[in-house]
Amino acid sequence: MIDIFAKHAALRTAYEGLTAVSPRNPFEVVIERPLSATVGLIEGRETLLFGTNNYLGLSQSTRAVEAAVETARTMGVGTTGSRIANGTFGLHQRLEKRLASFFGRKHCMVFSTGYQANLGTISALVNKDDVLLLDADSHASIYDGAKLSGAQVIRFRHNDPVDLEKRLARLKDHPGAKLIIAEGIYSMTGNVAPLDKFVDIKTRHGAYLMADEAHSFGVLGENGRGVAEMQGCEDGIDFIVGTFSKSLGTVGGYCITDHDGVDLMRLCSRPYMFTASLPPEIIAATLAALDDMEARPELRVKLQENAARLHAGLKAAGLQTGEHVSPVVAVTLENIPQAVGFWNALLENGVYVNLSLPPATPDNRPLLRCSVMAAHSAEEIDKATAVFKAVAEHFHA
């Protein structure tokens, strides 16, 4: 019999090589219990959490917890069906209306995960007759949505309006729709997209623009609507996609738009049609977290202060970080053994971050990816920075 896993031989070799040099599997870290938004129990030790994407600390929102508990008691723990069958409760429609209103748009579709939001939106908007123009550093969910759609894919250089315009100009006679996709904040590096420039370009060339604000929703903009709000170009964004699993601390995703055709997406978006809808307690917790986010704009102010503090501290320690100051702060290292050793040493000294390895990283160099929260204290940030500095000196990073 042919080994069905033989196709993954190269991956197996790489994985075995990684686990051979690491005292623990970096992809199977267990947070035994969160003690707060910023501290968790890992390997029996209290550990500072700097790798959770919990930007506003709302995974521990008292309001959200109470809403989830009460809803589970009164409505049960699941819908047992998809949105087009028995899986639409009044709460689902309430959240969609609430999000549409928050963004000042007409329509919202809620998906069961952020990954499905990209998969379902992209595959419903374009097909083999259309062209997708993707930032080269786009998230895997965007590339997977492109594959599912069957559309022609053209990549433009990361955050490069000139390259995007050059590639769009070559498509002036293409008969199909042209959809540009960019992220607000890029999840690996923390880079911020020039969405305002992309809006100018898409307008000149008759294209559509979709912004994935997963890591910028609740984080940037006066009201937390993301990079487009911060840059004053919201009217030029045709489709906004995002997730609840970052700033709102729950799970799920959304697509928001003023285009009336979104109702057709509910009938042709397979990731929306053929998966169970979000449980009612998750919807209730998400609504409560959204209320928390709107009622506490000071969280965004504190988050930006903390992001600047961590970014400056890591730079002062001589580490290589990105140019943008955002809640995602990535430290770039030179090779995988160095990165694995560095990551293990951080964890052993009470700091958890994400280890990101090629080919998942933009320039094929490993990253130690940190995400900062509004809930972090200045002392926690300074402690993490001090641990980074001590470990860097040991590894000559």
Side-chain angles (χ1 to χ4, degrees), residues 29-42 46-68 113-115 117 139 183-190 212-221 224 226 242-254 278 281-311 325-330 346-347 350-356 367-381 383-385:
V29 172
V30 177
I31 299 175
E32 291 135 36
R33 187 163 63 90
L35 303 177
S36 68
T38 63
V39 179
L41 206 61
I42 299 178
E46 291 192 13
T47 303
L48 290 174
L49 301 176
F50 277 88
T52 63
N53 302 316
N54 190 15
Y55 299 126
L56 301 181
L58 293 181
S59 70
Q60 303 296 313
S61 161
T62 301
R63 186 184 299 192
V65 168
E66 290 173 352
T113 68
Y115 173 86
H139 190 267
E183 298 175 44
I185 292 177
Y186 282 82
S187 60
M188 280 291 158
T189 60
D212 180 348
E213 298 268 23
H215 289 266
S216 40
F217 170 58
V219 171
L220 297 178
T243 182
F244 308 140
S245 63
K246 309 297 185 275
S247 289
L248 295 184
T250 60
V251 69
Y254 58 84
L278 283 169
E281 72 273 19
I282 297 297
I283 297 287
T286 302
L287 279 161
L290 186 57
D291 288 341
D292 243 1
M293 188 185 89
E294 282 202 280
R296 302 171 65 194
E298 67 273 12
L299 289 177
R300 280 189 296 285
V301 176
K302 179 65 172 173
L303 178 61
Q304 294 307 316
E305 291 173 356
N306 285 351
R309 190 181 191 97
L310 180 63
H311 189 271
V325 176
S326 81
V328 177
V329 185
L346 288 174
L347 190 56
V351 179
Y352 170 72
V353 302
N354 306 125
L355 174 64
S356 301
L367 299 175
L368 296 174
R369 179 190 175 278
C370 309
S371 53
V372 71
M373 302 180 225
H376 280 126
S377 67
E379 291 75 21
E380 288 173 328
I381 293 171
K383 181 179 177 182
T385 301

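Model, not experiment: these values are computed from the prediction. In what follows, residues are counted from 1 in the order of the sequence shown.
Side-chain atoms of F217 and L248, non-hydrogen and from C-beta on, do get closer than 4.5 Å to each other. The shortest side-chain heavy-atom distance between L48 and V39 falls under the 4.5 Å cut-off. Residues F244 and L278 meet the side-chain proximity criterion, which asks for heavy atoms closer than 4.5 Å. L368 places a side-chain heavy atom less than 4.5 Å from the side chain of L355. Inter-residue side-chain proximity for L220 and Q304 is flagged as met; some heavy-atom pair is nearer than 4.5 Å.
Here the CG atom belonging to D292 is positioned 12.0 Å from the CG atom belonging to L287, to the nearest 0.5 angstrom. Within the model, atoms CG of L49 and OG of S59 stand 9.0 Å from one another, a figure rounded to the nearest 0.5 Å. Atom CZ in R296 sits 12.0 Å away from atom NZ in K302 (nearest 0.5 Å). Within the model, atoms CZ of R63 and OG of S61 stand 6.5 Å from one another, a figure rounded to the nearest 0.5 Å. S36 contributes atom OG, which lies 8.5 Å from atom CD of E46 (distance to the nearest 0.5 angstrom).
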Q: Could you give me the CA-CA distance, side-chain angles and deciding distance for L303 and V372, then say whether side-chain contact (heavy atoms from CB on, under 4.5 Å) is met?
A: CA-CA 7 Å; L303 178 61; V372 71; 4.0 Å; yes

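Here the side chain of T250 pairs no donor or acceptor atom with the backbone of T286 at under 3.5 angstrom. The backbone N or O of G253 lies less than 3.5 Å from no partner atom in the side chain of T243, so there is not a single donor-acceptor pair. Side chain of N306 to main chain of H376: a donor-acceptor pair is present (N/O by atom type, distance under 3.5 Å, no hydrogens or angles). The closest donor-acceptor contact from the side chain of S216 to the backbone of G226 lies at 3.5 Å or more, if one exists at all.
N354 is linked by a side chain to side chain donor-acceptor pair (under 3.5 Å) to Y352, R369, counting only residues two or more places apart in sequence or in another chain. Residues satisfying the ring pair (Phe, Tyr, Trp, His ring centres under 6.0 Å) criterion with H311, sequence neighbours excluded, are absent altogether. Among residues two or more places apart in sequence or in another chain, the side-chain contact (heavy atoms from CB on, under 4.5 Å) test is passed with T385 by L310, I381. For A375, the side-chain contact (heavy atoms from CB on, under 4.5 Å) criterion is met by A37, T38, M373, not counting sequence neighbours. With sequence neighbours excluded, the residues that form a side chain to side chain donor-acceptor pair (under 3.5 Å) with Y186 are D135. Judged as a salt bridge (Lys or Arg N to Asp or Glu O under 4.0 Å), and not counting sequence neighbours, the contacts of R309 are D382.
Counting all heavy atoms, side chain and backbone alike, A68 lies closest to E281 at O-CB, 3.4 Å. In terms of heavy atoms, C370 sits closest to V353 at SG-CG1, 3.8 Å. Nearest heavy atoms, P327 versus V219: CG-CG1, 3.4 Å. When all heavy atoms of S245 and V251 are compared, the closest pair comes out as CB-CA, 4.2 Å. Contact record, I42 with V29: CG2-CG1, 4.0 Å, taken as the closest heavy-atom pair. For the residue pair G40 and I31, the shortest heavy atom distance occurs at CA-CG2, 4.3 Å.
Counting only N and O atoms by type, the side chains of Y55 and H215 include a donor and acceptor under 3.5 Å apart.
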